[in-house]
Amino acid sequence: MQGLILQMLEGTIVSLKVFFLTLLFSLPLGFVVAKGKMTRIKPIRWLTDFYIQIMRGTPLILQLIFFYFAPFYLFGVSYDRFTACIVAFVVNYSAYFAEIYRSGLQSIDRGQHEAAKVLGFSKAYTFFVIILPQVIKRILPALGNEVITLVKDTALAQTIGVAELFRVAQTASSREFSTVPIFVAGVFYFIMNYIVSRLFTLAEKKLGYYR
Amino acid sequence: METMLRLKGLKKNFGENAILRDISFTIEKGNVLSIIGPSGSGKSTTLRIITQLEKADDGTLEIGGRTLFRSYDGKSVYPGIKEEREIGLMTGLVFQSFNLFPHFTVLRNITEAQRAVLRRGKDEAEYKAMELLKKMGLEDKAKSYPYQLSGGQQQRVSIARALALDPAILFFDEPTSALDPELTREILKVIRSLAEERMTMAVVTHEMNFARAISDYAIFMDGGVIVEEGKPDELFLNPQMQRTRDFIASFDEA
Ligand SMILES: Nc1ncnc2c1ncn2[C@@H]1O[C@H](COP(=O)(O)OP(=O)(O)O)[C@@H](O)[C@H]1O
Ligand SMILES: [Mg+2]
(Lines give C-alpha, C1' and ligand atoms only; values in the text may rest on other atoms or scores of the structure.)
(Ligands and ions follow the chains in the order given, each with its own letter.)
Protein backbone atom coordinates (compact mmCIF):
# COMPACT_ATOMS: atom_id res chain seq x y z
CA MET A 1 0.00 0.00 0.00
CA GLN A 2 2.79 2.41 0.90
CA GLY A 3 4.54 1.68 -2.39
CA LEU A 4 1.36 2.42 -4.23
CA ILE A 5 0.85 5.77 -2.56
CA LEU A 6 4.46 6.66 -3.33
CA GLN A 7 4.01 5.77 -6.99
CA MET A 8 0.85 7.77 -7.14
CA LEU A 9 2.54 10.77 -5.57
CA GLU A 10 5.14 10.58 -8.32
CA GLY A 11 2.35 10.51 -10.89
CA THR A 12 0.75 13.45 -9.11
CA ILE A 13 3.96 15.42 -9.46
CA VAL A 14 3.95 14.79 -13.20
CA SER A 15 0.30 15.89 -13.37
CA LEU A 16 1.10 19.01 -11.40
CA LYS A 17 4.01 19.76 -13.73
CA VAL A 18 1.71 19.52 -16.73
CA PHE A 19 -0.79 21.68 -14.91
CA PHE A 20 1.56 24.47 -13.85
CA LEU A 21 3.63 24.56 -17.04
CA THR A 22 0.44 24.79 -19.09
CA LEU A 23 -0.77 27.72 -16.99
CA LEU A 24 2.63 29.39 -16.99
CA PHE A 25 2.68 29.59 -20.78
CA SER A 26 -0.96 29.68 -21.82
CA LEU A 27 -2.18 32.37 -19.42
CA PRO A 28 0.05 35.05 -21.00
CA LEU A 29 -0.10 33.54 -24.52
CA GLY A 30 -3.88 33.68 -24.35
CA PHE A 31 -3.57 37.45 -24.23
CA VAL A 32 -1.50 37.50 -27.39
CA VAL A 33 -4.10 35.32 -29.10
CA ALA A 34 -6.94 37.51 -27.83
CA LYS A 35 -5.17 40.57 -29.22
CA GLY A 36 -4.80 38.72 -32.52
CA LYS A 37 -8.49 38.01 -32.64
CA MET A 38 -9.30 41.65 -31.89
CA THR A 39 -6.83 43.28 -34.29
CA ARG A 40 -7.93 45.40 -37.21
CA ILE A 41 -5.45 43.58 -39.47
CA LYS A 42 -7.72 41.12 -41.22
CA PRO A 43 -5.31 38.30 -42.15
CA ILE A 44 -4.11 38.05 -38.56
CA ARG A 45 -7.66 38.06 -37.31
CA TRP A 46 -8.71 35.31 -39.74
CA LEU A 47 -5.69 33.21 -38.88
CA THR A 48 -6.29 33.57 -35.15
CA ASP A 49 -9.94 32.78 -35.59
CA PHE A 50 -9.11 29.66 -37.61
CA TYR A 51 -6.67 28.52 -34.92
CA ILE A 52 -9.23 29.01 -32.15
CA GLN A 53 -11.88 27.16 -34.17
CA ILE A 54 -9.55 24.18 -34.64
CA MET A 55 -8.58 24.09 -30.97
CA ARG A 56 -12.16 24.24 -29.79
CA GLY A 57 -13.56 22.07 -32.55
CA THR A 58 -11.33 19.02 -32.16
CA PRO A 59 -10.66 16.75 -29.17
CA LEU A 60 -7.65 17.59 -27.03
CA ILE A 61 -6.67 13.92 -27.14
CA LEU A 62 -6.33 14.18 -30.92
CA GLN A 63 -4.27 17.35 -30.60
CA LEU A 64 -1.91 15.57 -28.18
CA ILE A 65 -1.38 12.77 -30.68
CA PHE A 66 -0.91 15.30 -33.47
CA PHE A 67 1.73 17.30 -31.64
CA TYR A 68 3.60 14.18 -30.64
CA PHE A 69 3.63 12.41 -33.99
CA ALA A 70 3.38 15.21 -36.57
CA PRO A 71 7.01 16.37 -36.27
CA PHE A 72 8.13 12.79 -36.83
CA TYR A 73 5.97 12.17 -39.88
CA LEU A 74 6.55 15.62 -41.36
CA PHE A 75 10.23 16.18 -40.66
CA GLY A 76 11.49 12.88 -39.39
CA VAL A 77 12.35 14.33 -35.99
CA SER A 78 10.87 13.07 -32.79
CA TYR A 79 10.99 14.76 -29.46
CA ASP A 80 10.40 14.14 -25.83
CA ARG A 81 6.81 13.09 -25.08
CA PHE A 82 6.59 15.36 -22.07
CA THR A 83 7.56 18.40 -24.18
CA ALA A 84 5.04 17.40 -26.83
CA CYS A 85 2.40 17.11 -24.14
CA ILE A 86 3.15 20.61 -22.80
CA VAL A 87 3.13 22.08 -26.31
CA ALA A 88 -0.28 20.53 -27.03
CA PHE A 89 -1.77 21.69 -23.74
CA VAL A 90 -0.38 25.21 -24.11
CA VAL A 91 -1.59 25.56 -27.69
CA ASN A 92 -5.02 24.25 -26.71
CA TYR A 93 -5.48 26.22 -23.52
CA SER A 94 -4.18 29.47 -25.00
CA ALA A 95 -7.13 29.34 -27.38
CA TYR A 96 -9.64 28.87 -24.56
CA PHE A 97 -8.06 31.54 -22.38
CA ALA A 98 -7.98 33.89 -25.38
CA GLU A 99 -11.74 33.62 -25.73
CA ILE A 100 -12.20 34.36 -22.05
CA TYR A 101 -9.87 37.36 -22.22
CA ARG A 102 -11.55 38.67 -25.34
CA SER A 103 -15.01 38.57 -23.80
CA GLY A 104 -13.59 40.26 -20.70
CA LEU A 105 -11.80 42.97 -22.65
CA GLN A 106 -14.87 43.65 -24.76
CA SER A 107 -17.10 43.87 -21.71
CA ILE A 108 -15.21 46.92 -20.43
CA ASP A 109 -17.05 50.11 -21.24
CA ARG A 110 -15.46 52.19 -24.00
CA GLY A 111 -15.72 55.16 -21.66
CA GLN A 112 -12.96 53.67 -19.50
CA HIS A 113 -10.50 53.82 -22.39
CA GLU A 114 -11.69 57.29 -23.35
CA ALA A 115 -11.40 58.68 -19.83
CA ALA A 116 -7.89 57.25 -19.57
CA LYS A 117 -6.91 58.75 -22.93
CA VAL A 118 -8.27 62.18 -22.06
CA LEU A 119 -6.42 62.13 -18.73
CA GLY A 120 -3.19 61.49 -20.61
CA PHE A 121 -2.34 57.95 -19.49
CA SER A 122 -0.09 56.06 -21.89
CA LYS A 123 -1.46 53.02 -23.70
CA ALA A 124 0.51 50.58 -21.57
CA TYR A 125 -0.47 52.31 -18.33
CA THR A 126 -4.11 52.33 -19.39
CA PHE A 127 -4.00 48.62 -20.13
CA PHE A 128 -2.18 47.42 -17.03
CA VAL A 129 -3.54 49.83 -14.40
CA ILE A 130 -6.99 50.82 -15.62
CA ILE A 131 -8.31 48.02 -17.85
CA LEU A 132 -6.62 44.77 -16.83
CA PRO A 133 -7.66 44.78 -13.15
CA GLN A 134 -11.28 45.23 -14.19
CA VAL A 135 -10.98 42.49 -16.79
CA ILE A 136 -9.51 40.07 -14.26
CA LYS A 137 -12.36 40.66 -11.85
CA ARG A 138 -14.92 39.94 -14.56
CA ILE A 139 -13.32 36.83 -16.01
CA LEU A 140 -12.38 35.17 -12.74
CA PRO A 141 -15.41 32.80 -12.68
CA ALA A 142 -14.87 31.68 -16.28
CA LEU A 143 -11.15 31.34 -15.68
CA GLY A 144 -11.84 29.21 -12.60
CA ASN A 145 -13.97 26.81 -14.63
CA GLU A 146 -11.26 26.48 -17.24
CA VAL A 147 -8.51 25.83 -14.71
CA ILE A 148 -10.61 23.14 -13.03
CA THR A 149 -11.10 21.53 -16.43
CA LEU A 150 -7.35 21.65 -16.92
CA VAL A 151 -6.74 19.68 -13.71
CA LYS A 152 -8.93 16.90 -15.08
CA ASP A 153 -7.56 17.21 -18.62
CA THR A 154 -4.03 16.47 -17.42
CA ALA A 155 -5.16 12.82 -17.33
CA LEU A 156 -5.13 12.90 -21.14
CA ALA A 157 -1.34 13.26 -21.14
CA GLN A 158 -1.15 9.46 -20.81
CA THR A 159 -2.38 9.20 -24.42
CA ILE A 160 1.17 9.83 -25.58
CA GLY A 161 2.71 7.90 -22.74
CA VAL A 162 3.33 10.55 -20.11
CA ALA A 163 3.29 8.80 -16.73
CA GLU A 164 0.90 11.13 -14.98
CA LEU A 165 -1.36 10.30 -12.06
CA PHE A 166 -4.14 8.55 -13.91
CA ARG A 167 -1.81 6.34 -15.93
CA VAL A 168 0.00 5.29 -12.77
CA ALA A 169 -3.35 4.48 -11.18
CA GLN A 170 -4.50 2.41 -14.16
CA THR A 171 -1.25 0.47 -14.30
CA ALA A 172 -1.42 -0.26 -10.59
CA SER A 173 -5.05 -1.19 -10.92
CA SER A 174 -4.48 -3.85 -13.56
CA ARG A 175 -1.36 -5.14 -11.81
CA GLU A 176 -3.18 -5.65 -8.54
CA PHE A 177 -6.56 -6.62 -9.99
CA SER A 178 -8.15 -3.84 -7.93
CA THR A 179 -10.05 -0.65 -8.67
CA VAL A 180 -8.76 0.97 -5.46
CA PRO A 181 -5.89 2.87 -7.17
CA ILE A 182 -8.38 4.42 -9.60
CA PHE A 183 -10.49 5.71 -6.74
CA VAL A 184 -7.42 6.96 -4.91
CA ALA A 185 -6.55 8.92 -8.07
CA GLY A 186 -10.07 10.31 -8.05
CA VAL A 187 -9.53 11.56 -4.51
CA PHE A 188 -6.24 13.19 -5.61
CA TYR A 189 -7.96 15.04 -8.47
CA PHE A 190 -10.74 16.09 -6.15
CA ILE A 191 -8.30 17.53 -3.61
CA MET A 192 -6.43 19.43 -6.30
CA ASN A 193 -9.63 20.92 -7.63
CA TYR A 194 -10.85 21.71 -4.15
CA ILE A 195 -7.72 23.79 -3.65
CA VAL A 196 -8.11 25.43 -7.06
CA SER A 197 -11.72 26.39 -6.47
CA ARG A 198 -10.96 27.68 -2.96
CA LEU A 199 -8.21 29.87 -4.41
CA PHE A 200 -10.57 31.28 -7.01
CA THR A 201 -13.28 31.94 -4.42
CA LEU A 202 -10.67 33.72 -2.33
CA ALA A 203 -9.55 35.84 -5.29
CA GLU A 204 -13.15 36.70 -6.14
CA LYS A 205 -13.71 37.81 -2.55
CA LYS A 206 -10.56 39.87 -2.61
CA LEU A 207 -11.72 41.67 -5.76
CA GLY A 208 -15.23 42.06 -4.41
CA TYR A 209 -14.48 45.43 -2.86
CA TYR A 210 -15.91 47.27 -5.83
CA ARG A 211 -18.59 46.81 -8.44
CA MET B 1 -8.53 89.60 -24.86
CA GLU B 2 -6.53 86.43 -25.19
CA THR B 3 -7.90 83.66 -27.37
CA MET B 4 -7.72 80.23 -25.78
CA LEU B 5 -9.12 78.15 -28.63
CA ARG B 6 -9.54 78.84 -32.30
CA LEU B 7 -11.26 76.24 -34.48
CA LYS B 8 -11.59 76.86 -38.19
CA GLY B 9 -13.30 74.90 -40.94
CA LEU B 10 -13.50 71.60 -39.08
CA LYS B 11 -14.71 68.69 -41.21
CA LYS B 12 -15.30 65.08 -40.20
CA ASN B 13 -16.68 62.09 -42.08
CA PHE B 14 -17.62 58.71 -40.72
CA GLY B 15 -17.43 56.51 -43.79
CA GLU B 16 -19.68 58.11 -46.40
CA ASN B 17 -21.43 60.40 -43.93
CA ALA B 18 -20.28 63.99 -43.56
CA ILE B 19 -20.85 64.46 -39.82
CA LEU B 20 -19.16 67.85 -39.46
CA ARG B 21 -19.26 70.05 -42.54
CA ASP B 22 -17.64 73.32 -41.54
CA ILE B 23 -17.37 74.14 -37.85
CA SER B 24 -15.57 77.27 -36.71
CA PHE B 25 -15.57 79.06 -33.38
CA THR B 26 -13.23 80.72 -30.93
CA ILE B 27 -13.22 80.71 -27.16
CA GLU B 28 -11.61 83.59 -25.29
CA LYS B 29 -9.68 82.93 -22.12
CA GLY B 30 -11.96 82.94 -19.09
CA ASN B 31 -15.10 82.63 -21.21
CA VAL B 32 -17.76 79.96 -21.42
CA LEU B 33 -19.11 78.71 -24.72
CA SER B 34 -22.34 76.78 -24.80
CA ILE B 35 -23.19 74.45 -27.65
CA ILE B 36 -26.78 73.39 -28.20
CA GLY B 37 -28.44 71.39 -30.92
CA PRO B 38 -30.50 68.27 -31.55
CA SER B 39 -29.15 64.78 -31.03
CA GLY B 40 -26.93 63.67 -33.89
CA SER B 41 -25.96 67.18 -34.92
CA GLY B 42 -22.26 66.54 -34.23
CA LYS B 43 -21.76 68.24 -30.85
CA SER B 44 -20.01 65.27 -29.23
CA THR B 45 -17.89 64.63 -32.28
CA THR B 46 -16.68 68.24 -32.18
CA LEU B 47 -15.63 67.93 -28.52
CA ARG B 48 -14.10 64.51 -29.16
CA ILE B 49 -11.94 65.91 -31.95
CA ILE B 50 -10.75 68.81 -29.79
CA THR B 51 -9.93 66.42 -26.92
CA GLN B 52 -8.24 64.00 -29.35
CA LEU B 53 -10.62 61.07 -29.01
CA GLU B 54 -11.18 61.37 -32.77
CA LYS B 55 -9.10 62.76 -35.61
CA ALA B 56 -10.21 65.68 -37.74
CA ASP B 57 -10.44 65.20 -41.51
CA ASP B 58 -9.94 68.87 -42.35
CA GLY B 59 -9.64 72.17 -40.53
CA THR B 60 -7.32 74.01 -38.19
CA LEU B 61 -7.32 74.03 -34.41
CA GLU B 62 -5.18 76.16 -32.13
CA ILE B 63 -5.30 75.77 -28.38
CA GLY B 64 -3.40 78.20 -26.17
CA GLY B 65 -1.36 79.35 -29.14
CA ARG B 66 -0.32 75.86 -30.18
CA THR B 67 -1.57 74.00 -33.22
CA LEU B 68 -3.17 70.59 -32.81
CA PHE B 69 -3.98 70.27 -36.50
CA ARG B 70 -3.70 72.49 -39.51
CA SER B 71 -5.61 72.38 -42.76
CA TYR B 72 -3.23 71.59 -45.59
CA ASP B 73 -4.30 70.61 -49.08
CA GLY B 74 -7.83 69.84 -47.94
CA LYS B 75 -6.69 67.61 -45.07
CA SER B 76 -5.86 68.23 -41.45
CA VAL B 77 -2.23 67.62 -40.55
CA TYR B 78 -1.21 66.72 -37.00
CA PRO B 79 2.15 67.69 -35.49
CA GLY B 80 3.21 64.31 -34.05
CA ILE B 81 2.68 62.41 -30.83
CA LYS B 82 4.78 64.52 -28.48
CA GLU B 83 3.16 67.83 -29.37
CA GLU B 84 -0.30 66.21 -29.50
CA ARG B 85 0.16 64.84 -25.98
CA GLU B 86 1.29 68.18 -24.63
CA ILE B 87 -1.67 69.95 -26.19
CA GLY B 88 -3.88 67.18 -24.80
CA LEU B 89 -2.75 68.09 -21.31
CA MET B 90 -4.26 71.55 -21.82
CA THR B 91 -7.73 70.11 -22.42
CA GLY B 92 -10.04 68.22 -20.07
CA LEU B 93 -13.32 66.47 -20.81
CA VAL B 94 -16.24 65.63 -18.55
CA PHE B 95 -18.43 62.85 -19.92
CA GLN B 96 -22.16 62.34 -19.76
CA SER B 97 -21.59 58.92 -18.19
CA PHE B 98 -18.89 60.04 -15.70
CA ASN B 99 -16.53 57.17 -16.60
CA LEU B 100 -14.92 57.02 -13.18
CA PHE B 101 -12.53 54.12 -12.61
CA PRO B 102 -14.63 51.71 -10.52
CA HIS B 103 -11.69 49.89 -8.93
CA PHE B 104 -10.14 53.08 -7.53
CA THR B 105 -11.31 55.04 -4.53
CA VAL B 106 -12.58 58.54 -5.13
CA LEU B 107 -9.24 59.89 -3.96
CA ARG B 108 -7.24 57.67 -6.29
CA ASN B 109 -9.51 58.56 -9.21
CA ILE B 110 -8.32 62.14 -8.71
CA THR B 111 -4.66 61.49 -7.85
CA GLU B 112 -3.78 58.77 -10.37
CA ALA B 113 -3.27 60.96 -13.44
CA GLN B 114 -1.59 63.68 -11.39
CA ARG B 115 0.98 61.13 -10.33
CA ALA B 116 1.36 59.00 -13.46
CA VAL B 117 1.01 61.74 -16.06
CA LEU B 118 2.14 64.95 -14.37
CA ARG B 119 4.62 63.14 -12.10
CA ARG B 120 3.42 64.93 -9.00
CA GLY B 121 4.40 63.50 -5.65
CA LYS B 122 1.93 61.62 -3.48
CA ASP B 123 1.45 64.41 -0.96
CA GLU B 124 1.00 67.10 -3.55
CA ALA B 125 -1.49 65.00 -5.55
CA GLU B 126 -3.51 64.11 -2.47
CA TYR B 127 -3.50 67.67 -1.21
CA LYS B 128 -4.78 68.87 -4.56
CA ALA B 129 -7.42 66.12 -4.65
CA MET B 130 -8.67 66.95 -1.16
CA GLU B 131 -8.87 70.65 -2.02
CA LEU B 132 -11.00 69.81 -5.04
CA LEU B 133 -13.17 67.39 -3.09
CA LYS B 134 -13.82 70.09 -0.51
CA LYS B 135 -14.81 72.43 -3.27
CA MET B 136 -17.23 69.77 -4.54
CA GLY B 137 -18.59 69.19 -1.04
CA LEU B 138 -17.33 65.62 -1.07
CA GLU B 139 -14.37 65.61 1.31
CA ASP B 140 -16.00 62.82 3.35
CA LYS B 141 -16.16 60.58 0.27
CA ALA B 142 -12.41 60.37 -0.43
CA LYS B 143 -12.22 56.73 0.65
CA SER B 144 -15.47 55.63 -1.00
CA TYR B 145 -15.70 53.73 -4.25
CA PRO B 146 -17.65 55.17 -7.18
CA TYR B 147 -20.46 52.59 -6.86
CA GLN B 148 -21.18 53.92 -3.37
CA LEU B 149 -21.96 57.41 -4.70
CA SER B 150 -25.04 58.93 -6.31
CA GLY B 151 -24.86 59.95 -9.96
CA GLY B 152 -24.50 63.59 -9.00
CA GLN B 153 -21.65 62.80 -6.62
CA GLN B 154 -19.93 60.67 -9.26
CA GLN B 155 -20.17 63.50 -11.75
CA ARG B 156 -18.67 65.93 -9.24
CA VAL B 157 -15.79 63.51 -8.68
CA SER B 158 -15.24 63.29 -12.43
CA ILE B 159 -15.15 67.09 -12.62
CA ALA B 160 -12.58 67.11 -9.80
CA ARG B 161 -10.59 64.44 -11.65
CA ALA B 162 -10.45 66.65 -14.74
CA LEU B 163 -9.64 69.82 -12.78
CA ALA B 164 -6.81 68.11 -10.90
CA LEU B 165 -4.67 68.26 -14.04
CA ASP B 166 -5.12 72.05 -14.28
CA PRO B 167 -6.45 72.07 -17.84
CA ALA B 168 -6.39 75.39 -19.65
CA ILE B 169 -9.84 74.63 -21.02
CA LEU B 170 -12.47 72.19 -19.82
CA PHE B 171 -15.15 70.59 -21.99
CA PHE B 172 -18.45 69.17 -20.80
CA ASP B 173 -20.46 66.79 -22.99
CA GLU B 174 -24.01 66.80 -21.64
CA PRO B 175 -22.80 66.51 -18.04
CA THR B 176 -26.31 66.30 -16.60
CA SER B 177 -28.12 64.18 -19.18
CA ALA B 178 -27.77 61.02 -17.07
CA LEU B 179 -29.10 62.73 -13.93
CA ASP B 180 -32.52 63.51 -12.52
CA PRO B 181 -33.51 67.18 -12.03
CA GLU B 182 -32.30 67.48 -8.47
CA LEU B 183 -28.86 66.02 -9.19
CA THR B 184 -28.74 68.12 -12.35
CA ARG B 185 -28.99 71.26 -10.21
CA GLU B 186 -26.03 70.03 -8.13
CA ILE B 187 -23.84 69.80 -11.20
CA LEU B 188 -25.03 73.04 -12.75
CA LYS B 189 -24.12 74.79 -9.52
CA VAL B 190 -20.59 73.43 -9.73
CA ILE B 191 -20.16 74.48 -13.37
CA ARG B 192 -21.58 77.89 -12.56
CA SER B 193 -19.07 78.39 -9.76
CA LEU B 194 -16.26 77.42 -12.14
CA ALA B 195 -17.56 80.01 -14.58
CA GLU B 196 -17.49 82.59 -11.82
CA GLU B 197 -13.83 81.72 -11.24
CA ARG B 198 -13.22 82.42 -14.94
CA MET B 199 -12.41 78.84 -15.86
CA THR B 200 -12.39 78.59 -19.66
CA MET B 201 -15.05 76.08 -20.66
CA ALA B 202 -17.22 74.75 -23.46
CA VAL B 203 -20.46 73.08 -22.45
CA VAL B 204 -22.73 70.92 -24.57
CA THR B 205 -26.08 70.95 -22.81
CA HIS B 206 -29.84 70.74 -23.16
CA GLU B 207 -30.33 72.99 -20.12
CA MET B 208 -31.33 76.13 -21.98
CA ASN B 209 -31.78 78.48 -19.03
CA PHE B 210 -28.50 77.38 -17.56
CA ALA B 211 -26.67 77.83 -20.85
CA ARG B 212 -28.09 81.30 -21.27
CA ALA B 213 -27.14 82.26 -17.73
CA ILE B 214 -23.53 81.09 -17.65
CA SER B 215 -22.20 81.44 -21.17
CA ASP B 216 -20.53 84.34 -22.88
CA TYR B 217 -21.25 82.97 -26.32
CA ALA B 218 -23.59 80.31 -27.68
CA ILE B 219 -23.74 78.13 -30.76
CA PHE B 220 -26.66 76.23 -32.25
CA MET B 221 -25.57 73.23 -34.33
CA ASP B 222 -27.68 71.10 -36.64
CA GLY B 223 -26.68 68.62 -39.31
CA GLY B 224 -22.97 69.19 -38.84
CA VAL B 225 -23.02 72.94 -39.34
CA ILE B 226 -23.41 75.96 -37.07
CA VAL B 227 -26.86 77.23 -37.94
CA GLU B 228 -26.76 80.25 -35.66
CA GLU B 229 -24.47 81.77 -33.06
CA GLY B 230 -24.26 84.84 -30.92
CA LYS B 231 -24.55 86.33 -27.47
CA PRO B 232 -26.69 84.00 -25.36
CA ASP B 233 -29.45 86.55 -24.81
CA GLU B 234 -29.77 87.02 -28.55
CA LEU B 235 -29.56 83.35 -29.47
CA PHE B 236 -31.93 82.09 -26.78
CA LEU B 237 -34.39 84.96 -26.60
CA ASN B 238 -34.39 86.29 -30.12
CA PRO B 239 -33.21 83.59 -32.54
CA GLN B 240 -33.17 84.61 -36.19
CA MET B 241 -33.34 81.25 -37.90
CA GLN B 242 -36.49 79.17 -37.98
CA ARG B 243 -34.58 75.99 -37.08
CA THR B 244 -33.15 77.63 -33.98
CA ARG B 245 -36.56 78.92 -32.97
CA ASP B 246 -38.12 75.48 -33.36
CA PHE B 247 -35.37 73.82 -31.39
CA ILE B 248 -35.50 76.27 -28.47
CA ALA B 249 -39.30 76.23 -28.48
CA SER B 250 -39.28 72.44 -28.14
CA PHE B 251 -37.59 72.90 -24.75
CA ASP B 252 -39.99 75.57 -23.53
CA GLU B 253 -42.87 73.15 -23.92
CA ALA B 254 -41.06 70.34 -22.12
N1 LIG C 1 -17.63 56.47 -34.38
C2 LIG C 1 -18.66 56.77 -35.20
N3 LIG C 1 -18.85 56.05 -36.33
C4 LIG C 1 -19.87 56.36 -37.16
N5 LIG C 1 -20.76 57.35 -36.96
C6 LIG C 1 -20.62 58.09 -35.85
C7 LIG C 1 -19.57 57.84 -34.91
N8 LIG C 1 -19.68 58.74 -33.91
C9 LIG C 1 -20.74 59.52 -34.21
N10 LIG C 1 -21.32 59.12 -35.37
C11 LIG C 1 -22.47 59.76 -36.02
O12 LIG C 1 -22.20 61.12 -36.14
C13 LIG C 1 -23.38 61.88 -35.94
C14 LIG C 1 -23.13 62.95 -34.89
O15 LIG C 1 -22.93 62.31 -33.65
P16 LIG C 1 -22.62 63.11 -32.33
O17 LIG C 1 -21.43 63.96 -32.54
O18 LIG C 1 -22.57 62.13 -31.24
O19 LIG C 1 -23.90 64.03 -32.20
P20 LIG C 1 -24.49 64.76 -30.91
O21 LIG C 1 -23.47 64.71 -29.83
O22 LIG C 1 -24.79 66.14 -31.39
O23 LIG C 1 -25.74 64.03 -30.56
C24 LIG C 1 -24.49 60.92 -35.57
O25 LIG C 1 -25.28 60.68 -36.70
C26 LIG C 1 -23.74 59.68 -35.19
O27 LIG C 1 -24.48 58.54 -35.50
MG1 LIG D 1 -23.62 63.84 -27.91
Side-chain angles (χ1 to χ4, degrees), chain A residues 27-28 30-31 34-35 38-42 45 100-144 199-211, chain B residues 44 47-54 81-82 84-106 108-119 143-149 154 157-167 170-173 178:
Chain A
L27 281 173
F31 255 109
K35 281 277 166 202
M38 289 159 63
T39 177
R40 248 175 281 181
I41 307 161
K42 277 190 182 149
R45 204 168 65 221
I100 293 175
Y101 294 153
R102 185 176 63 88
S103 72
L105 284 165
Q106 286 174 342
S107 79
I108 302 296
D109 191 278
R110 214 180 55 172
Q112 292 289 306
H113 293 271
E114 294 183 347
K117 167 84 172 63
V118 169
L119 290 169
F121 293 118
S122 69
K123 279 203 173 130
Y125 199 89
T126 300
F127 179 74
F128 286 107
V129 181
I130 307 291
I131 304 300
L132 188 59
Q134 298 184 55
V135 170
I136 290 174
K137 179 185 164 82
R138 291 204 191 169
I139 65 175
L140 224 40
L143 219 50
L199 285 176
F200 271 92
T201 309
L202 216 69
E204 277 174 46
K205 272 217 186 95
K206 204 160 164 6
L207 291 181
Y209 68 89
Y210 72 94
R211 265 175 244 153
Chain B
S44 293
L47 294 198
R48 291 168 60 82
I49 287 170
I50 297 171
T51 54
Q52 302 184 41
L53 290 174
E54 305 275 359
I81 290 196
K82 191 166 170 287
E84 288 164 29
R85 265 185 75 90
E86 281 175 26
I87 294 172
L89 286 177
M90 302 201 295
T91 61
L93 175 63
V94 173
F95 300 85
Q96 178 180 335
S97 51
F98 329 135
N99 296 338
L100 292 177
F101 304 128
H103 57 313
F104 290 168
T105 60
V106 164
R108 190 159 172 211
N109 263 283
I110 306 173
T111 54
E112 192 70 11
Q114 292 188 67
R115 303 206 55 202
V117 179
L118 299 186
R119 304 266 161 224
K143 293 210 164 66
S144 303
Y145 284 89
Y147 80 91
Q148 297 167 313
L149 307 183
Q154 290 191 46
V157 173
S158 94
I159 294 172
R161 180 176 70 173
L163 288 171
L165 302 180
D166 299 317
L170 187 52
F171 296 86
F172 293 82
D173 192 358

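As a basis for the values below, the full set of heavy atoms in this structure was taken, side chains included, without hydrogen atoms, waters or symmetry mates. Within every chain, numbering begins at 1; the chains are lettered A, B, ... in the order of the sequence lines, protein sequences first and strands thereafter.
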For this session: Using non-hydrogen atoms and a 4.5 Å limit, figure out which bit of A:Y125 sits close to chain B: side chain, backbone, both or neither.
Result: side chain
Heavy-atom distance under 4.5 Å to chain A: side chain of [X], backbone, both or neither?
X      : value
B:F95  : side chain
B:R115 : neither
B:Q114 : neither
B:F104 : side chain
B:R161 : both
B:L118 : neither

Distance-minimising heavy-atom pair for [X] and [Y]:
X      : Y      : result
A:Y210 : B:Y147 : CA-CE2, 3.6 Å
B:A116 : A:F121 : CB-CE2, 3.9 Å
A:V129 : B:H103 : O-NE2, 2.9 Å
A:K117 : B:L53  : CG-CD2, 3.7 Å
A:Q134 : B:P102 : OE1-CG, 3.3 Å

Exercise. Around A:R45, counting heavy atoms of other residues, nucleotides and ligands shown, do more than 12 lie under 6.0 Å from its CZ?
Worked result: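 For A:R45, atom CZ is crowded (more than 12 foreign heavy atoms under 6.0 Å).
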Exercise. Above 12 or not: heavy atoms from other molecules or residues under 6.0 Å from OH of A:Y209?
Worked result: yes
For this session: Check whether any side-chain heavy atom of A:D109 sits under 4.5 Å from a side-chain heavy atom of B:N99, and report yes or no.
Result: yes
Problem set entry | Minimum side-chain heavy-atom gap A:V118-B:F171 below 4.5 Å |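 No. Closest side-chain heavy atoms not under 4.5 Å.
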Exercise. Roughly how far, to the nearest 0.5 Å, is the CD1 atom of A:I130 from the CD atom of B:E112?
Worked result: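 Spacing of CD (B:E112) from CD1 (A:I130) equals 6.0 Å.
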